[in-house]
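Report on the following structure.
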Protein chains: 2
Amino acid sequence: MPKKKDKSIITEEDLYDLADLFKAFSDTTRIKLLYALMEGELCVADLVEKTGATQSAVSHQLRGLKQMDLIRCRKEGKQVIYFLADDHVHTILQMGMDHVKE
Amino acid sequence: MPKKKDKSIITEEDLYDLADLFKAFSDTTRIKLLYALMEGELCVADLVEKTGATQSAVSHQLRGLKQMDLIRCRKEGKQVIYFLADDHVHTILQMGMDHVKE
DNA sequence: TGAACATATGAATATCTGTTCATATTTGCA
DNA sequence: TGCAAATATGAACAGATATTCATATGTTCA
């Protein structure tokens with residue numbers, strides 16, 4: 001039987017993780033990347049075009065988002081296709097946007 | 001009749017605002033402040049104690065959060081009592097924490 | 001009025017973060 | 001095999017950001 005954490009207890013580490021989670025959404029380039037991926041998976045070249053950032057900047061940011069497991073990817077020939085990791089990411093973005101749009 | 005924005009159209013500026021919103025949640029001290037305020041209003045001294053940050057650091061961060069209208073305050077004698085601006089803030093925090101706690 | 005308390009502010013500093021530039025890696029194809 | 005396309009990586013730089021320290025402001029009360 002797998003050990004389960006008690007979700008009702010908020011540790012200091014949880015608060016650090018929470019800040020880190022939001023940090024991932026706190027940069028314009030990353031937001032543009034995530035927002036573009038809300039409509040479906042895209043290769044790097046498409047993301048470069050959608051964000052207006054350089055290929056290098058996009059690649060660096062994709063790495064960060066991937067490390068946070070907010071996005072995942074698969075290879076398809078020469079291309080790498082990125083997509084949102086799960087619905088949670090979608091929901092958080094949507095909720096933030098609702099707030100911005102009041 | 002007041003002009004209404006079309007909420008279905010996402011502008012580049014919206015994406016900037018969205019990043020800024022999440023930026024407010026992206027620092028450990030600010031998260032601790034907001035999280036403490038989820039359980040109810042608190043004066044600065046209490047917030048200093050809960051966060052473990054210095055009085056000055058807390059005051060600086062409170063100012064930022066207030067400017068974003070994520071928190072508000074009222075004076076009560078010598079003290080200043082801070083509280084979350086609205087339920088939206090509460091919801092965003094809760095949703096983020098749900099994700100962290102998987 | 002003056003002392004003590006609570007909070008806010010400004011400047012300086014150190015750290016963190018994102019971008020750029022140059023280059024490396026991987027893959028498909030002639 | 002060699003070249004071109006797609007993406008990733010590393011180092012360096014610039015700008016942003018959080019904290020600290022010193023001090024200012026505002027409030028209560030004796």
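Heavy-atom basis, side chains included; hydrogens, waters and symmetry copies ignored. Proteins come first, then strands; the chains are lettered A, B, ... in the order of their sequence lines, and each starts at number 1.
Near-neighbour residues of DNA chain C inside residues 57-79 of chain B, defined by a heavy atom below 4.0 Å, number-ordered: Ser59(B), His60(B), Arg63(B), Lys78(B), Gln79(B).
Residue Arg30(A) places at least one side-chain N or O under 4.0 Å from the OP1 or OP2 atom of dG18(C). In this model, the phosphate group of dA6(D) is not approached by any side-chain N or O of Tyr82(A) to a distance below 4.0 Å at OP1 or OP2.
Lys23(B) places its NZ atom 17 Å from the P atom of dC16(C), with the value rounded to the nearest Å. Between Glu49(B) atom CD and dC5(C) atom C1' the separation is 17 Å, expressed in whole Å. Computed from coordinates, the Glu41(B) CD to dT7(C) P distance equals 13 Å when rounded to whole Å.
The structure places CG of Leu70(B) at 11.5 Å from CG of Leu62(B), a figure rounded to the nearest 0.5 Å. Atom-to-atom distance recorded for Leu34(B):CG and Thr51(B):OG1 is 11.5 Å, nearest 0.5 angstrom. One distance of note links CG of Leu47(A) with CD of Gln61(A); it measures 12.0 Å at 0.5 Å rounding.
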> If you write DNA chain C from 5' to 3' in dot-bracket form, with Watson-Crick or G-U pairs under 3.5 Å, [ ] for crossing pairs and | for pairs with another strand, what do you get?
Replying inline: ||||||||||||||||||||||||||||||

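Place Thr29(A) and Ile81(B) on DNA chain C by their nearest nucleotides, and Ile81(B) ends up nearer the 5' end.
By the 30° and 60° cut-offs, the orientation of the rings of His88(A) relative to His99(B) is perpendicular.
For dC21(C), its base sits under 3.5 Å from the side chain of Ser56(A) at one donor and acceptor pair at least. One can find a donor-acceptor pair under 3.5 Å joining the base of dA8(C) and the side-chain atoms of Gln55(B).
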